[in-house]
Every structure is written in structure tokens, then in C-alpha cells.
Engineer: 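My structure is below; once you've seen it, I'll send some questions.
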Amino acid sequence: MYKTHNCGELRSAHIGQTVTLAGWVHRRRDHGGLIFIDLRDRYGVTQVVANPEINATVHDALAEARSEWVLQVQGVVGNRPEGMHNPNLPTGDIELAAQEVVVLNPAKNPPFAINKEDELIDENLRLKYRYLDLRRERMKRNLVLRHQVVKFMRDYLDQAGFVEVETPILFKTTPEGARDYLVPSRVYPGEFYALPQSPQQLKQLLMVAGVERYFQIARCFRDEDLRGDRQPEFTQLDLEMSYIHRDDILAMVEGLYTAMVKAIVPHKRLLSSPWPKFSHTEVMDRYGIDKPDLRFGMELYNVGAIFAQSEFKVFRGALDSGGVVKCIAAPGCAEYSRKEQDELVEFAKTQGVKGLATLGLGAEGLKGSAAKFINESEVAQLRQTTGAKPGDLLLFVADARAAANKALGALRLLFRDRLKLADKNMLAFAWVVDFPMFEWNEEFQKWDAAHHPFTMPRMEHLGRFETDPASILSDAYDMVCNGYELASGSIRIHRRDIQHKVFQLLGLTEEEIERKFGHLLEAFEYGAPPHGGMAPGVDRTVMLFADEPNIREVIPFPKNQAARDVMADAPSKPDARQLKELHLKVD
RNA sequence: GGACCCGUGGUGUAGCGGCCAAACAUGCGGCCCUGUCAAGGCCGAGAUCGCGAGUCCGAAUCUCGUCGGGUCCGCCA
């Protein structure tokens with residue numbers, strides 16, 4: 001070992017001991033005579049002091065040292081002089097009087113400061129030098145937090161009788177869903193493996209195999225465009241249980257997360273426990289989105305009834321064509337300028353609606369674009385329905401229901417951030433249940449599975465496959481928290497006939513069903529138990545726990561938004577020989 | 001595929017038609033300094049303002065294009 005102790009553990013009790021530390025030069029303070037070096041390793045920082053009158057060689061060596069040099073220092077742990085203790089440092093009562101210094105490795109000046117936390121360094125630069133970025137306190141903290149989260153999950157599920165099983169990374173491409181990452185086979189020209197979008201089929205087969213309680217910290221791959229909470233590869237806590245109903249698995253995951261919050265982020269509070277449960281319809285109506293942030297109010301209100309007799313053309317048109325008029329009330333924003341209101345309108349348009357009407361309940365009367373079209377009686381009813389107060393700004397969208405929900409839901413989040421309506425130490429977990437089983441795909445004129453095709457439709461709705469697929473509900477469920485979808489899951493189909501029926505409705509031919517899912521359907525014929533599961537996102541969980549704005553901050557080596565690894569510069573061109581072996585030609 | 005925002009010394013910012021052969025902080029180099037801990041003091045180096053066209057007497061500043069980055073829409077069973 002290069003060291004006898006780490007840089008975070010020495011205390012007064014060690015005074016007088018001869019120890020050896022090794023680490024990076026965090027900071028150097030050269031007084032000409034005395035030199036102080038803050039030596040840093042993973043565990044902390046210890047002050048090393050060199051006195052030229054005591055040891056000139058050591059003093060000269062430390063005078064040369066610069067930031068991020070790697071040093072090994074042997075010395076005696078000493079009590080700091082009276083009044084020189086540093087209460088801000090766990091090791092602040094002692095210092096190491098250096099007797100011997102070995103430069104293990106000098107270092108170039110880093111492209112950004114490792115010993116500073118406040119500056120927001122350009123992320124591309126951080127990613128290019130990720131190994132330096134990870135030395136910084138913030139990243140180190142996130143790395144360790146992630147470890148704690150994963151370890152807690154493993155321990156908790158082990159206690160609950162789950163078995164961790166690894167499933168293949170090289171698997172089979174599946175239709176629908178996200179775009180697959182394909183891996184060419186050298187042995188079979190023209191054939192490809194696919195990286196799993198999730199271990200969905202495999203874990204179901206593990207249920208058929210009798211594992212009963214399975215979990216895996218599973219890497220998943222989806223070749224879609226990136227977002228702050230989406231990476232091409234990400235990690236899920238993949239879970240599956242046999243002989244359970246929906247509420248059994250919800251209770252299992254709720255228990256896990258509730259215990260985990262208490263153990264790992266005790267400074268965070270749960271909005272409610274047990275967690276509330278909403279139907280999909282209800283969250284869409286009230287929050288305009290299927291992953292509501294419940295930490296604040298500002299709900300959406302359907303005010304169509306108030307304007308049933310309105311002559312306001314915008315509202316009239318929407319209502320007459322089967323749409324809705326909905327609104328939210330932005331607290332204290334009645335005096336927004338014309339420009340500020342125009343910005344809101346523009347934002348709404350980016351969310352897919354034709355426009356946005358505004359009504360400010362100003363101190364000197366009504367303001368905003370809808371003011372002259374709304375009468376006193378309507379204002380009174382609006383105030384009653386929405387609870388809006390004088391000084392609030394009402395924002396109306398008159399459009400098709402889905403579009404209106406989406407735009408107002410997005411505006412609600414805009415105001416959350418702008419008005420700081422959400423407490424960052426609050427975790428508002430909730431369940432969303434009763435999803436529709438199918439969604440009509442306008443582009444391809446076909447039915448899609450709203451969750452995935454292995455989801456169990458409600459038994460009592462099985463008769464509607466031929467008559468009204470849109471009305472079929474499924475046993476799917478989402479776990480949401482603070483505006484993120486943290487997990488998604490369902491009770492699965494375990495009967496061949498039902499699974500076949502679903503594939504048929506999704507438009508797969510008999511030949512496709514057999515070729516793509518034959519293995520699964522056959523498995524269901526050998527005594528598949530009823531089962532279901534879910535898959536919480538590990539990256540998003542850690543992101544929420546760490547108060548980070550995106551999952552890149554909790555992934556050691558993430559891709560940028562263009563899906564590149566800017567450190568290694570991947571993806572990259574393979575050698576011609578590699579392509580030839582794989583029987584590939586590139587355009 | 002689309003919309004919007006950003007790009008100025010190593011880093012973070014300011015400047016947003018002439019006062020800029022670009023300012024501040026920090027970092028870096030040198031000198032001084034024996035109790036600092038974001039050490040201090042003095043001196044110094046370091047940027048053709050992402051790139052390319054254009055407008056103008058004059059462009060870091062305005063316009064167009066392009067490259068890079070980010071946020072969002074589409075997409076993400």
C-alpha cells in the first residue's frame with residue numbers, strides 16, 4: 001500500500017503517530033518559509049505542512065508541487081497550534097508534518113478547476129475530461145450516492161426474497177417500441193442481435209421458469225433522440241413477481257422507495273404516505289400530463305361550461321368542434337406586460353396549440369387578450385371554479401382536449417420553475433393507474449400498445465377487442481415523482497390466447513407473430529404463472545435524490561445530446577477489415 | 001426532422017455599432033513572505049471575440065450562412 005491512512009480519517013487521537021498519506025494536491029499555500037499542502041483523496045483533505053528549518057529537502061519538494069500532482073507524504077501527525085484549528089474541515093484539528101515526499105506523478109494544469117464547485121463549467125469540456133470532472137466533489141458525491149441507491153435496492157430485495165438474475169445484452173430485435181441498437185453477427189451474414197430495450201421478455205420467461213421474484217440492475221438501450229432525462233443507454237431496477245396482483249407490486253415498490261428515501265436522503269420529505277393513486281384520466285384532466293408534479297397546485301380547470309353561451313369566437317369554435325376550454329391560474333402574474341404574455345403565447349404554440357388567451361385579474365380591472373370578451377358573470381364563475389384571486393393571471397387554451405392538456409400542463413411546469421412553486425426537498429411520489437390498453441396511431445393508421453404488447457388487458461374488457469379497442473383499460477401503472485416518470489410496469493399476459501389476440505389487434509400477421517414472438521407464446525403453453533412487474537429508472541432516481549437537473553450528472557460517462565461520447569469520440573469508424581468480417585458495406 | 005437559446009484569454013463572466021490594439025474575477029508564470037486553510041502583496045504572460053460571407057466610413061456588437069453545445073417539440077411499445 002502507498003498509504004497507511006486516508007486523507008479524511010486523521011484526528012487528534014492520531015497525534016504523534018507516523019503515517020503515510022497519498023493523494024492529489026488540492027491546494028498549495030506557499031508562505032516562502034512554511035508551505036501548506038491540502039492533500040486530497042477520495043475520503044477527504046488533510047493539511048500537510050513543510051518547515052524549511054526542519055527539513056529543507058521536503059520543503060523544496062513541496063515548493064515544486066502543483067495542483068493535481070500525485071504525492072506520497074510520510075510524516076508525523078501533529079496538533080495544530082492554538083487558534084489554528086480549522087472547524088470547517090473534519091481533519092482540521094491536526095496536520096501532517098512532512099518528513100518525506102515522493103512525487104508519484106506530476107500533472108498538467110487541469111483544463112478546469114477541480115477544487116472549485118461554484119463555477120458552471122461548459123459541459124462539453126467536462127465530458128471531454130470526464131475523469132477530471134469525476135474528481136470534483138459534486139460528481140464524487142453523485143457517484144457514491146448512486147452506489148448507495150443500488151446497494152439499498154439489492155439489499156432490500158434480497159431481504160424480500162428476490163433473486164438477481166442476469167439476462168443477455170445480445171438479444172433479439174423486436175417490432176414496435178423504440179428503435180433498436182443492432183449488433184451485426186460475424187457468424188451469420190446479414191443477421192443481427194439487438195441490444196435490449198429492457199429485459200421484458202426475458203424476465204417474463206424467468207417467471208415461467210419459476211423464479212417467482214426476480215430483479216436485475218439492468219442496462220437498457222434505446223436508439224431515440226436524447227433529453228435531459230433520456231440517454232441511449234440507461235439503467236433500470238428491473239423487477240418481476242409471480243402470483244401477484246397489481247396492488248401487491250405497487251406495495252412492494254412503494255415500500256422499497258419509502259425505506260430508501262428514509263435511509264439515503266433523510267433530508268427529503270414525502271408529500272404523502274401512503275402514496276396517492278390517480279387514474280390516467282384524472283391526472284390528464286387535472287395536470288395535463290401523465291407524470292404530474294404534485295408538489296404544487298395550479299391545476300387545470302375545464303371551464304367550457306362557463307362559456308357555453310359565450311360569443312368569444314376562439315372559445316366558441318373550440319367548443320362547437322368538440323374541443324375544450326381549459327385554464328390555469330398563475331398566481332400574482334396579472335400585471336404581466338404585453339411582451340411577457342406574448343412569450344407565454346409563443347411557448348404555448350411550441351407545445352402544439354393554436355393560441356393562448358390571457359385574462360389578468362388586475363387591481364384596475366381585467367387585463368389580457370381575453371379581457372374584452374369575458375363578462376362579469378363569467379369572471380365570477382371563473383373565480384369560483386378555479387379559486388383564482390385578484391392579482392392572478394388566467395391562461396386559457398381552447399383546443400382539442402389532448403392538445404389543451406399538453407399545453408397547459410407544460411405552462412404549469414413553466415410557472416413552477418419561474419415562480420419557484422416546488423420545494424426541492426419534497427418528493428411527491430404517486431401512482432398512475434388505469435391506462436388505456438391501446439392508442440390509435442394516426443400516422444400509420446393502426447393500433448399501438450399504450451404501454452407494451454405484453455400488458456394484460458382488463459379481463460372484463462376482453463370482449464371489446466372487436467368493438468371498441470380504445471375503451472379497453474390495461475393493468476399498467478406508472479410511478480411518478482416531481483414531474484418525472486420514475487417507473488412503469490404492468491400485470492402481464494400469461495395466456496397464449498390473450499397474447500395472440502393483442503398481437504393481432506396490433507396488426508401483426510400470423511407469420512410475424514410466430515417469427516418474432518413464437519418463443520414467448522410457446523412458453524405460455526407450458527404453465528406460465530400469472531405475473532407482473534415494473535422497472536424504476538435508476539438514473540432518474542439518483543438524479544432526484546441528488547437534486548441534479550439531468551441524468552448526465554449521475555452517469556459517470558454519459559453521451560451528449562447528439563449521442564456522442566466526447567471523451568473517447570464514439571461512435572467511430574471501424575477498420576475496413578472489421579466491416580468485411582461482419583459482411584457490412586457502408587454507404 | 002423542426003423551434004428557440006448560447007458560443008469573448010486556461011476557466012467563469014462583462015462589454016452588445018466608434019469610448020475595445022477588449023474589462024473583471026479566478027487560474028497560470030516570476031519575485032517577496034514562517035501559521036495559512038478561497039492565504040496575502042507586487043510584477044508578468046495569456047483572447048485576431050467559434051468559423052465564413054455580408055451591411056457599414058467603422059463589427060465582439062447588426063444580417064445571412066455554417067459548425068459546436070444546450071433546452072424543447074416530434075420520437076421514446
Side-chain angles (χ1 to χ4, degrees), chain A residues 26-39 45-54 59 66-68 78 80-89 91-92 95 108-129 132 174-180 197-198 200-201 220-232 234 343 346-353 403 406-407 410 413-414 417 435 437-439 441 443 446-455 474 476 485 488 490 502-503 506 508 537 549-550 552 560-562 564 566:
Chain A
H26 191 61
R27 250 184 211 101
R28 187 178 62 105
R29 292 178 294 280
D30 185 345
H31 287 235
L34 285 178
I35 293 175
F36 298 99
I37 298 265
D38 290 339
L39 198 67
V45 165
T46 298
Q47 175 167 287
V48 173
V49 60
N51 188 328
E53 290 175 4
I54 294 172
H59 180 268
R66 291 294 181 271
S67 284
E68 301 306 310
R80 292 197 186 185
E82 187 66 29
M84 299 300 161
H85 293 229
N86 185 347
N88 300 318
L89 213 57
T91 59
E95 62 191 2
K108 289 165 69 174
N109 277 323
F112 50 85
I114 311 298
N115 57 17
K116 271 193 189 170
E117 288 299 308
D118 43 351
E119 283 181 349
L120 290 172
I121 311 294
D122 175 69
E123 193 180 358
N124 218 32
L125 191 69
R126 291 173 54 204
L127 290 177
K128 183 174 176 187
Y129 297 96
L132 295 179
T174 51
E176 311 195 49
R179 204 173 287 118
D180 283 320
Q197 295 174 31
S198 82
Q200 182 59 38
Q201 294 182 50
C220 305
F221 305 86
R222 295 179 190 175
D223 187 5
E224 297 293 347
D225 287 338
L226 280 59
R227 288 286 189 283
D229 61 353
R230 274 163 37 187
Q231 281 273 304
F234 60 100
E343 284 168 5
E346 287 311 306
F347 176 79
K349 285 179 178 172
T350 70
Q351 302 297 315
V353 291
K406 179 163 155 30
L413 294 180
L414 181 78
D417 298 335
F435 283 80
M437 178 75 197
F438 301 106
E439 287 167 350
N441 184 328
E443 187 185 353
K446 65 182 276 284
W447 291 103
D448 283 344
H451 180 56
H452 60 51
F454 314 110
T455 300
S474 73
E485 179 193 306
S488 187
S490 62
V502 170
F503 285 146
L506 294 176
L508 276 75
N550 65 65
R552 295 186 299 275
N560 69 7
Q561 189 168 241
R564 291 204 72 84
V566 298

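Letters go in sequence order (proteins before strands), and every chain restarts at 1.
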Engineer: Of the options B:C75, B:G70, B:A38, whose atoms approach the side-chain atoms of A:R27 most closely?
Structural biologist: B:A38
Engineer: Hey, does A:R552 reach any base, or is it just sugar-phosphate, or nothing, if we go heavy atoms under 4.0 Å?
Structural biologist: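 Since only primed, P, OP1 and OP2 atoms lie under 4.0 Å of A:R552, the category is sugar-phosphate.
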Engineer: Using a 4.0 Å heavy-atom cut-off across all strands, classify A:L226 as base, sugar-phosphate, or nothing.
Structural biologist: nothing
Engineer: From the options B:G74, B:G35, B:C72, select the nucleotide whose nearest atom is closest to the side chain of A:D225.
Structural biologist: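 Nearest listed nucleotide: B:G74.
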Engineer: Select base, sugar-phosphate, or nothing to describe what A:R179 touches, counting heavy atoms under 4.0 Å on all strands.
Structural biologist: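 Result for A:R179 = nothing.
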Engineer: If B:C42 has a Watson-Crick or G-U wobble mate with both distances under 3.5 Å, name it; if not, just say none.
Structural biologist: B:G30
Engineer: May I ask which nucleotide in the shown strands pairs with B:A14, Watson-Crick or G-U wobble, both distances under 3.5 Å?
Structural biologist: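 Per the H-bond distance test, none.
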Engineer: Using only side-chain N and O atoms of A:K128, determine if any of them is under 4.0 Å from OP1 or OP2 of B:U11.
Structural biologist: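 So the side chain of A:K128 is outside the cut-off, no N or O lying under 4.0 Å from OP1 or OP2 of B:U11.
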Engineer: Atom CZ of A:R227 and atom C1' of B:A3: how far apart are they, to the nearest Å?
Structural biologist: 12 Å
Engineer: Any stacking of A:F112 on B:U11, going by centres under 5.5 angstrom and planes within less than 30 degrees?
Structural biologist: no
Engineer: How would you list, by chain and number, every residue that makes a side chain to side chain contact (heavy atoms under 4.5 Å, CB included) with A:N550, sequence neighbours excluded?
Structural biologist: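 Result, side chain to side chain contact (heavy atoms under 4.5 Å, CB included) vs A:N550: A:R552, A:E553.
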Engineer: When you get a sec, tell me which of B:C72, B:G69, B:C37 is the closest nucleotide to the side chain of A:N560?
Structural biologist: B:G69
Engineer: Quick one: does A:H59's side chain have a donor or acceptor within less than 3.5 Å of a partner on A:I35's backbone?
Structural biologist: no
Engineer: Report, one line per pair, each donor and acceptor closer than 3.5 Å where one atom sits in a side chain of residues 220-227 of chain A; sequence neighbours left out.
Structural biologist:
residue : atom : partner : partner atom : Å
A:R222  : NE   : A:Q197  : O            : 3.2
A:R222  : NH2  : A:Q197  : O            : 3.2
A:E224  : OE2  : A:R179  : N            : 2.9

Engineer: Main chain of A:V45, side chain of A:T91: is a donor-acceptor contact present, judged purely on distance under 3.5 Å?
Structural biologist: yes
Engineer: In whole Å, what is the span from the CZ atom of A:F234 to the P atom of B:C76?
Structural biologist: 13 Å
Engineer: Reckon A:R230 has a side-chain N or O less than 4.0 Å from the OP1 or OP2 of B:C75?
Structural biologist: no
Engineer: Rounded to the nearest Å, what distance is computed from the NE2 atom of residue A:H26 to the P atom of nucleotide B:A39?
Structural biologist: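 The distance from NE2 of A:H26 to P of B:A39 comes to 9 Å, rounded to the nearest Å.
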Engineer: So what does A:E346 hit on the nucleic acid, given a heavy-atom distance under 4.0 Å: a base, only sugar-phosphate, or nothing?
Structural biologist: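 No contact.
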Engineer: Heavy atoms only, 4.0 Å cut-off, all strands: where does A:T46 land among base, sugar-phosphate and nothing?
Structural biologist: nothing
Engineer: Looking at A:Q561, I'd like to know whether one of its side-chain N or O atoms comes within less than 4.0 Å of OP1 or OP2 on B:U71.
Structural biologist: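 The answer is yes; a side-chain N or O of A:Q561 sits under 4.0 Å from OP1 or OP2.
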Engineer: Provide a list of protein-nucleic acid N or O atom pairs under 3.5 angstrom, restricted to nucleotides 23-27 of chain B.
Structural biologist:
residue : atom : partner : partner atom : Å
B:U26   : O2'  : A:K116  : NZ           : 2.4

Engineer: Is A:R564 near enough to B:G70 that one of its side-chain N or O atoms lies under 4.0 angstrom from OP1 or OP2?
Structural biologist: no
Engineer: Watson-Crick or G-U wobble partner for B:A21, using a 3.5 Å limit on both distances?
Structural biologist: none
Engineer: Where the side chain of A:E123 is concerned, which of B:G70, B:C37, B:U11 is the nearest nucleotide?
Structural biologist: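 My answer, after comparing the listed nucleotides, is B:G70.
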Engineer: Expressed in angstrom and rounded to an integer, what is the separation of A:E443 atom CD from B:C76 atom P?
Structural biologist: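 Taking CD of A:E443 and P of B:C76, I get 9 Å after rounding.
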Engineer: What is the distance from CE of A:M84 to C1' of B:A39, rounded to the nearest Å?
Structural biologist: 12 Å
Engineer: Looking across every strand, which nucleic acid part, if any, lies under 4.0 Å from A:E95 by heavy atom: base, sugar-phosphate, or nothing?
Structural biologist: base
Engineer: Look only at the side chain of A:D448 and the backbone of A:E439, and say whether a donor-acceptor pair between them is shorter than 3.5 Å.
Structural biologist: no
Engineer: Rounding to a whole Å, what distance do you find between A:K406:NZ and B:C76:P?
Structural biologist: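 In whole Å, B:C76 P lies 13 Å from A:K406 NZ.
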Engineer: Looking only at side-chain N and O atoms, does A:R29 come under 4.0 Å of OP1 or OP2 in B:U36?
Structural biologist: no
Engineer: Just the rounded figure in Å: distance from C1' of B:C33 to NE2 of A:H59.
Structural biologist: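 It works out to 11 Å between those atoms.
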Engineer: Which is true for A:G228 with a 4.0 Å heavy-atom rule: it touches a base, it touches only sugar-phosphate, or it touches nothing?
Structural biologist: sugar-phosphate
Engineer: Any base atoms under 4.0 Å from A:P453, or only sugar-phosphate, or nothing? Heavy atoms, all strands.
Structural biologist: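 Base contact.
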Engineer: Is the ring centre of A:H31 under 5.5 Å from the base ring centre of B:G35, and are the two planes under 30° apart, so that they stack?
Structural biologist: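 Here A:H31 fails the 5.5 Å or the 30° condition.
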Engineer: In the structure shown, which nucleotide is the Watson-Crick or G-U wobble counterpart of B:C4, with both distances under 3.5 Å?
Structural biologist: B:G70
Engineer: Please determine if A:E123 and A:R126 form a salt bridge, counting it only when a charged side-chain N lies under 4.0 Å from a carboxylate O.
Structural biologist: no
